[in-house]
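One structure is given below, encoded as structure tokens.
Here the structure is a predicted model, which means the values were calculated and not measured. Any value given below was found using the heavy atoms of this structure, including those in side chains, with hydrogens, waters and symmetry copies removed.
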Amino acid sequence: MHPIVLLLVILLVVGVLVFRRRRPSIAATDLDALELRGVDAALEQIATQGHDRVLWALAFVDDEPRLDIHAVANYMAKKWKWKEAALVTEGEASLQRKITHGEMQIYLEPVKATFPHDADNDGVAVDAGEAKNSILVTSVSNHGGVPTSLWLSQGVLALTNICPQVTSVYWMSSQQTFSRNQLKAKLGINLSKRWPTDVWVSVSATRSEKGRSDGHTLGLASMGGTEFEAKDAPESPKELRKRLAGLADYVICKYGLIYNGDTVGIDCLERIRVKKQPSETGLKGWVFQLHYEKPSPDSGWER
């Protein structure tokens with residue numbers, strides 16, 4: 001080899017080694033040894049990239065966290081046939097990594113985050129407000145909410161399976177916290193046949209002051225849809241939760257279109273009209289509120 005070419009090769013190798021030493025690696029690295037930025041700063045940086053859809057989840061880890069991004073990427077490549085050539089690239093932040101496959105983009109970054117609320121699932125007990133090491137998993141796209149949610153589900157499942165230190169996951173769009181075992185069960189299904197809508201969208205219903213039920217969905221708006229809510233519904237909270245979950249499933253899984261003024265009863269006899277209006281249950285923006293007009297003989301509610 002010519003001496004000049006050999007010298008250039010040596011300088012290139014030295015330069016790469018120096019660059020890598022200055023830039024911390026998060027492949028099989030103890031997160032406690034790194035200076036992690038807050039989750040708000042990480043989200044702000046991703047949100048400024050101009051994507052139409054940004055969905056994220058926080059994976060909280062135990063006291064001895066270790067993360068191997070390459071193992072997560074390889075898991076996704078094997079399970080969902082992602083091409084390895086497009087797997088791992090570096091993001092703009094020093095600890096941020098991006099896994100790509102075509103138009104799919106999954107960002108992973110260790111961050112410091114505050115646990116959203118109390119939880120006690122499968123032995124996981126964390127006080128609300130406690131700052132913990134966590135891994136921010138973000139799915140971004142310029143498409144609809146379903147593909148973005150599917151990519152996020154794939155990324156979170158891969159992380160949960162690869163990193164045994166993950167104890168629980170907080171899903172932003174539905175504001176739900178799941179234990180490790182719950183997430184593996186809910187996301188470990190065949191996503192080509194069934195979608196984990198109960199992870200993507202939460203449903204709540206409580207007894208109202210008038211002895212009826214108030215309830216709403218949470219998560220449809222983040223996917224580009226419209227949330228449903230009910231005020232003083234003439235059915236039990238259990239029945240209302242089932243109805244709202246059915247509507248969410250219809251919109252997501254069956255690509256159902258619902259317009260202002262449509263009826264959404266269980267059959268042609270039941271008349272429950274949806275009216276688009278500002279929320280009255282504390283949700284942000286406009287919602288489809290259910291207005292009960294006429295029950296079906298097969299339903300349990302009375303006018």
Side-chain angles (χ1 to χ4, degrees), residues 26-27 36-60 67 69-77 79-113 116 134-163 166 169-176 178 183 186-187 191-192 195-197 199-202 218-227 251-252 255 284-285:
I26 53 175
L36 306 182
R37 63 176 175 172
V39 64
D40 291 339
L43 287 173
E44 182 179 359
Q45 185 264 327
I46 294 174
T48 57
Q49 295 176 353
H51 299 284
D52 292 337
R53 292 281 176 265
V54 180
L55 296 176
W56 57 267
L58 275 171
F60 290 88
L67 173 63
I69 289 293
H70 297 285
V72 175
N74 289 333
Y75 179 94
M76 299 180 74
K79 185 170 180 62
W80 293 289
K81 311 302 181 185
W82 288 28
K83 295 181 180 179
E84 190 170 357
L87 280 179
V88 181
T89 61
E90 293 183 350
E92 296 180 8
S94 61
L95 297 179
Q96 182 188 98
R97 297 295 185 270
K98 180 172 66 175
I99 301 174
T100 65
H101 173 61
E103 296 181 350
M104 303 181 187
Q105 298 180 56
I106 299 290
Y107 292 86
L108 295 101
E109 179 182 354
V111 294
K112 278 286 187 182
S134 58
I135 302 166
L136 179 67
V137 186
T138 309
S139 174
V140 299
S141 77
N142 294 321
H143 300 285
V146 169
T148 313
S149 298
L150 282 171
W151 303 344
L152 182 59
S153 299
Q154 292 177 344
V156 170
L157 179 64
L159 175 64
T160 305
N161 277 283
I162 291 300
C163 301
V166 172
V169 173
Y170 175 66
W171 206 270
M172 179 276 291
S173 60
S174 60
Q175 297 183 9
Q176 299 183 97
F178 302 95
L183 246 295
K186 290 178 177 294
L187 300 183
L191 297 179
S192 64
W195 294 337
T197 55
V199 175
W200 302 347
V201 179
S202 63
L218 187 61
L220 289 171
S222 297
M223 299 176 66
T226 302
E227 305 289 1
V251 170
I252 296 174
Y255 297 99
K284 295 181 180 179

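With sequence neighbours excluded, the residues forming a side-chain hydrogen bond (donor to acceptor under 3.5 Å, both in side chains) with Thr148 are Ser141, listed by chain and number.
Annotation: side chain of Lys79 is not in contact with side chain of Gln154 (no heavy-atom distance under 4.5 Å). Annotation: side chain of Leu187 is not in contact with side chain of Phe178 (no heavy-atom distance under 4.5 Å). Residues Arg97 and Val72 form no side-chain contact, since every pair of their non-hydrogen atoms from C-beta on lies 4.5 Å or further apart. Side-chain contact check for Val201 versus Leu218: every heavy-atom pair is 4.5 Å or farther apart. Annotation: side chain of Pro110 is in contact with side chain of Leu67 (closest heavy-atom distance under 4.5 Å).
In this structure, Trp56 and Leu136 approach most closely via the heavy-atom pair CE3-CD1, 3.6 Å. Of all the heavy atoms in Pro196 and Leu191, the pair that sits closest is CD-CD2, 3.7 Å. The minimum heavy-atom distance between Leu183 and Val156, with the atom names listed, is CD1-CG1, 3.9 Å. When all heavy atoms of Ala71 and Ile162 are compared, the closest pair comes out as CB-CG2, 3.6 Å. Annotation for Gln176 and Ser202: closest pair CD-CB, 3.4 Å, computed over non-hydrogen atoms. Closest approach of Val54 to Met172, counting heavy atoms only: O-CE, 4.2 Å.
Using a distance-only test at 3.5 Å, with no hydrogens or angles considered, a donor-acceptor pair links the side chain of Glu227 to the main chain of Ala221. The main-chain N or O of Val111 is found under 3.5 Å from a side-chain atom of Ser134 such that the two form a donor-acceptor pair.
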Could you check Trp171 against Leu152 for side chain to side chain contact (heavy atoms under 4.5 Å, CB included), going step by step and ending with a plain yes or no?
-> CA-CA 10 Å; Trp171 206 270; Leu152 182 59; 3.6 Å; yes

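In this structure, the separation between OG1 on Thr138 and CG on Leu108 is 8.0 Å, given to the nearest 0.5 Å. Note that the OH atom of Tyr75 and the CG atom of Leu159 stand 11.0 Å from one another [nearest 0.5 Å]. Taken from NZ in Lys98 to CD1 in Ile69, the straight-line distance is 13.5 Å, to the nearest 0.5 Å. Met223 contributes atom CE, which lies 7.5 Å from atom CG of Leu55 (distance to the nearest 0.5 angstrom).
A side-chain hydrogen bond (donor to acceptor under 3.5 Å, both in side chains) with Trp200 is found for exactly one of Ser222, Ser153, Ser174, namely Ser153.
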